[in-house]
Amino acid sequence: KPQIISVSPDEFSDISGKIIEVVFSKPIERNSILSGLYIYPPIAKKKFKWDKNILQIKINEELEPNTNYFFTFTQSIAGEHKNKLDQDYYYIFKHGKLNEKKLSGTFAFEDEEDIGEPIHIDLFSADSIRIFSKTINEPNFNFEYLNEKEQILRAFADIKKNKKYDY
């Protein structure tokens, strides 16, 4: 399965240069990046340039000042042989000052039989735009480097391990 080997600039770096380079371990099916990459806050004007297994993302718009940008490369991204990424990858970049807001806590379970099941978490902006999704294996969570904005946290025991809420 393909992996992300490196990202430049380094995580938490300023992206004022408006170019991010991602090196994959194998060549990637180029169209899969369109459905497998999530950026928050959204960057509408961007261009992808490929050179074998290297992706260059060129940002063609003004970035919000003093804002952290979340880049999520999901397992929807596939290599040329249709193998999915080995895991989801999360990177945080800044434009201006790095925000260091945190959200942490412990989940309580409605049904005791769900204790020990993976917990799928989605973090959304107040207007329901996905910031990131993550699956954890313990009830304690800690999210760092959040922007100072209202957010919605949705979490559930992922009993079927399909990242969907099952009634």
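Only this structure's heavy atoms are used, side chains among them; waters, hydrogens and symmetry mates stay out.
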Item to complete: Could you walk me through whether E29 and K82 pass the salt bridge (charged side-chain N to carboxylate O under 4.0 Å, His left out) test, one step at a time?
Response: CA-CA 7 Å; E29 172 58 45; K82 307 297 182 221; 3.7 Å; yes
Discussion item. Evaluate L63 against I43 for side-chain contact (heavy atoms from CB on, under 4.5 Å), listing each step before the verdict.
Written reply: CA-CA 8 Å; L63 298 173; I43 298 175; 3.9 Å; yes
Worksheet item: Taking it one step at a time, do Y38 and Y40 satisfy ring pair (Phe, Tyr, Trp, His ring centres under 6.0 Å)?
Response: CA-CA 7 Å; Y38 293 95; Y40 181 81; over 10 Å; no
Worksheet item: Taking it one step at a time, do T106 and N140 satisfy side-chain hydrogen bond (donor to acceptor under 3.5 Å, both in side chains)?
Response: CA-CA 4 Å; T106 303; N140 301 319; 2.8 Å; yes
Item to complete: Decide salt bridge (charged side-chain N to carboxylate O under 4.0 Å, His left out) for E62 and K18; before the verdict, give the C-alpha distance in whole Å, the side-chain angles of both, and the deciding distance to 0.1 Å.
Response: CA-CA 9 Å; E62 288 303 314; K18 297 188 177 183; 3.3 Å; yes
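Minimum interatomic distance between P41 and T67 (heavy atoms only, all atoms of both residues): CG-CG2, 3.7 Å. Closest of all the heavy-atom pairs between D114 and A157 is CB-CB, 3.9 Å. Taking both residues in full, the closest heavy atoms of P118 and N137 are given as CB-OD1, 3.7 Å, listed atom of the first, atom of the second, then distance.
Counting heavy atoms from C-beta outward, Y89 and V22 have side chains that stay 4.5 Å or more apart. Put simply, the side chain of E11 does not reach to within 4.5 Å of the side chain of Y90, judged on heavy atoms. Two residues are said to be in side-chain contact when any heavy atoms from C-beta on lie closer than 4.5 Å; F70 and I39 fail this criterion. Side-chain contact between P27 and W50 is absent, with no heavy atoms from C-beta onward closer than 4.5 Å.
Remark: the backbone N or O of E113 is not paired with any side-chain donor or acceptor of E117 at under 3.5 angstrom. The main-chain N or O of K46 is never found under 3.5 Å from a side-chain atom of N60 such that the two would form a donor-acceptor pair. Without hydrogens or angle criteria, N99 side chain to N66 main chain gives a donor-acceptor distance under 3.5 Å. For S25 (side chain) and Q3 (main-chain N/O), a donor-acceptor pair under 3.5 Å exists by modelled atom type. Within the 3.5 Å criterion, the main-chain N or O of Y145 finds a donor-acceptor partner in the side chain of N68.
Among F93, F132, Y91, the single residue meeting the ring pair (Phe, Tyr, Trp, His ring centres under 6.0 Å) criterion with F71 is F93. Applying the salt bridge (charged side-chain N to carboxylate O under 4.0 Å, His left out) test between D122 and each of K134, K164, R154 identifies R154 as the sole match.
No more than 12 heavy-atom neighbours from other residues, nucleotides or ligands sit within 6.0 angstrom of CD on E148.
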